[in-house]
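Beneath this line is the structure, given in structure tokens, with notes to follow.
Residue numbers begin at 1 in each chain, while the letters A, B, ... track the order of the sequences. When reading the values below, keep in mind they use all heavy atoms of this one structure, side chains included, and skip hydrogens, waters and symmetry mates.
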2 protein chains.
Amino acid sequence: MTRYSTKKGKLLKRKNIQKDRGMDMNEQEKKEDRRVRRTKKLLTQALTQLLQTKQINEITVKELTELADMNRGTFYLYYKDVFDMLEKIEDGMFERLDQIISAHENEDMSVQTRPMLEDLFVFIEENQEMCRVLLSPHGDMNFLHRLNEVLRDKFLKAWHNQAFHQKETGKAETEFDYHYSFVVFGCAGLIRAWVSRACRESTKEMAQLADTMIRCGVLTQASV
Amino acid sequence: MTRYSTKKGKLLKRKNIQKDRGMDMNEQEKKEDRRVRRTKKLLTQALTQLLQTKQINEITVKELTELADMNRGTFYLYYKDVFDMLEKIEDGMFERLDQIISAHENEDMSVQTRPMLEDLFVFIEENQEMCRVLLSPHGDMNFLHRLNEVLRDKFLKAWHNQAFHQKETGKAETEFDYHYSFVVFGCAGLIRAWVSRACRESTKEMAQLADTMIRCGVLTQASV
DNA sequence: CAGAAAGTCAACATTGTGTTCTATATCATT
DNA sequence: AATGATATAGAACACAATGTTGACTTTCTG
């Protein structure tokens with residue numbers, strides 16, 4: 001499910017970290033100490049910078065903290081290693097992503113796709129540096145995977161109904177899964193192309209483009 | 001372009017490796033020494049096995065060679081580190097991919113998409129273990145990136161002409177790029193879904209599915 | 001068979017890791 | 001502004017993997 005650790009006796013320590021901080025919503029909301037925010041911000045900036053020139057595996061805690069100009073031990077107060085750090089950064093993005101989607105959810109779980117997409121692309125633009133890195137060659141496949149998982153639950157039902165309303169077919173659930181996978185990865189490709197061009201096109205343009213391509217992909221099943 | 005190295009004085013050594021072996025087509029064809037093949041095969045098997053339970057960054061040369069039951073020093077005769085090894089394995093796959101595509105290329109650079117796709121999915125099925133790993137959460141974003149690059153050159157022209165034959169539009173090259181990115185990543189998602197289901201559907205079915213979705217995506221531009 | 005090439009084995013200095021301790025700086029609060 | 005609480009700095013530590021080397025043995029090729 002989540003990531004494994006090579007070192008044996010250190011999972012406990014990590015669990016403690018996750019329990020003490022972060023996991024409790026209330027604690028999250030009560031803003032962290034200013035020093036903590038500063039530290040995490042500096043580390044995130046350093047990581048983002050390093051990820052532009054090298055793979056994450058080649059990034060050591062040592063050089064990361066040196067670039068951020070802080071003590072190496074400080075890093076371990078918040079993260080287990082560099083990969084854990086990236087994962088936690090992603091956690092934050094997925095939290096916001098979830099908020100954005102939920103805001104457009106109706107009570108019957110259906111979603112107003114188009115306006116939601118517009119908000120989504122605004123969010124991506126705001127976080128374009130991180131998105132660019134995560135979808136770059138040096139990026140993180142796990143990010144794509146998690147994106148897949150999150151969106152799946154949200155949209156599968158809505159789209160499923162929508163597509164089957166168009167034309168009743170006897171196609172299996174599995175074929176719908178293929179379309180779904182195609183579309184989600186496709187959107188990732190779309191976003192990747194966009195952020196790698198520094199988000200030159202407007203968010204509205206992109207939302208329209210995405211909307212069109214999603215509908216096409218989803219409705220293909222009914223029209224085959 | 002390619003990967004960087006943290007360690008300063010070791011690029012030279014690696015260059016030597018790449019020059020001595022691999023890079024020269026003729027040498028590649030003249031089968032390597034049986035021992036070399038055996039060594040590389042054992043290492044590849046061990047890597048594939050390890051990648052199913054852990055991230056590549058957590059795999060050490062030590063455990064890899066222990067699993068393959070060989071001396072650690074032997075590893076360094078062929079690879080710089082574990083990532084370099086994965087990259088070289090990918091090199092081999094891209095070579096074969098190139099052959100498959102080229103075999104379906106007409107003299108005007110156009111491509112018979114459908115039969116090519118069928119061959120492609122056969123190839124993927126043959127290499128499903130590695131594909132599954134490369135597209136998994138533990139996978140390699142650089143693989144996707146390289147796939148993008150390789151296919152881009154091959155297909156952009158063909159599809160471009162095809163789409164503009166359908167309906168003449170004034171849309172810019174950039175928008176076509178977005179469709180292209182969507183489709184290539186989408187195919188990756190499709191393949192990922194397929195191999196993660198142990199390739200249950202037939203290669204022909206998948207080729208048809210892919211063909212449909214590709215055409216839909218490409219032709220969207222003309223029909224917006 | 002003989003020479004070449006590949007692999008084994010043991011040893012080495014080097015580097016990053018993860019943790020711990022004390023001391024200092026910064027924070028939130030009254 | 002003084003307070004106690006908390007975060008960070010700084011240095012030290014044992015430990016593990018790295019990358020390389022040299023002498024040896026095995027395996028391949030012709």
Between the protein and nucleotides 8-10 of chain C, which nitrogen or oxygen pairs are less than 3.5 angstrom apart?
| residue | atom | partner | partner atom | Å |
| --- | --- | --- | --- | --- |
| dT8(C) | OP2 | Asn71(B) | N | 3.1 |
| dT8(C) | OP2 | Thr74(B) | OG1 | 2.5 |

### Query
To the nearest 10 degrees, what angle separates the axes at the start and end of the helix from dT8(C)-dA23(D) to dT30(C)-dA1(D), five pairs each?
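Computed from the C1' atoms at both ends, the axes differ by 40°.
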
### Message
From C-beta outward on Tyr76(B), which listed nucleotide comes closest to its side chain: dG7(C), dT18(D), dT17(C)?
### Response
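From the listed options, dT18(D) comes nearest.
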
### Message
Are Ile191(B) and Leu135(B) packed together at the side-chain level, in the sense that at least one heavy-atom pair is separated by less than 4.5 angstrom?
### Response
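The answer is yes; the side chains approach within 4.5 Å.
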
### Query
Are any of the side-chain heavy atoms of Leu120(A) and Leu97(A) separated by less than 4.5 Å?
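Side-chain contact under 4.5 Å: yes.
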
### Task
For Phe121(A), check ring-ring contact (aromatic ring centres under 6.0 Å, His included) against everything at least two apart and list the hits.
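ring-ring contact (aromatic ring centres under 6.0 Å, His included) check on Phe121(A) returns Trp194(A).
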
### Task
Return the minimal non-hydrogen interatomic distance between Gly189(A) and Ser181(B), and the atom names on each side.
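Minimum heavy-atom separation between Gly189(A) and Ser181(B): O-CB, 3.5 Å.
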
### Message
Treating primed atoms plus P, OP1 and OP2 as sugar-phosphate and everything else as base, which nucleotides of nucleotides 23-30 of chain C get B, S or - for protein heavy atoms under 4.0 Å?
### Response
--BBSS--

### Query
Looking at residues at least two apart in the chain, or sitting in another chain, which of them share a side chain to side chain contact (heavy atoms under 4.5 Å, CB included) with Thr65(A)?
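Partners of Thr65(A) under the side chain to side chain contact (heavy atoms under 4.5 Å, CB included) test: Leu43(A), Val61(A), Met70(A), Arg72(A), Phe75(A).
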
### Query
Mind checking what makes side chain to side chain contact (heavy atoms under 4.5 Å, CB included) contact with Thr48(A), not counting sequence neighbours?
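Thr48(A) satisfies side chain to side chain contact (heavy atoms under 4.5 Å, CB included) with Thr44(A), Gln52(A), Glu129(A), Met130(A), Val133(A) once adjacent residues are dropped.
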
### Query
Would you say the side-chain atoms of Tyr78(A) pair up with the backbone N or O of Met85(A), donor to acceptor, closer than 3.5 Å?
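Side chain of Tyr78(A) to backbone of Met85(A): no pair is present.
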
### Query
Could you give the OH-to-P distance, from Tyr79(A) to dT19(C), as a whole number of Å?
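One finds 17 Å between P of dT19(C) and OH of Tyr79(A), rounded.
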
### Query
How many Å lie between CZ on Phe75(B) and P on dG19(D), as a whole number?
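Atom-to-atom, Phe75(B) to dG19(D), this comes out as 9 Å.
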
### Message
Classify the ring geometry of Phe94(B) against Phe143(B): parallel below 30°, tilted from 30° to 60°, perpendicular beyond 60°.
### Response
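The arrangement is tilted - the two ring planes meet at 30° to 60°.
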
### Query
What residue among Arg38(A), Lys40(A), Arg37(A) forms salt bridge (charged side-chain N to carboxylate O under 4.0 Å, His left out) with Glu32(A)?
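Looking at Arg38(A), Lys40(A), Arg37(A), the match for Glu32(A) under the salt bridge (charged side-chain N to carboxylate O under 4.0 Å, His left out) is Lys40(A).
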
### Query
Could Lys204(B) and Asp211(B) be called an ion pair, given the rule that one side-chain N must be under 4.0 Å from one carboxylate O?
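Result for this pair is no, no salt bridge flagged.
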
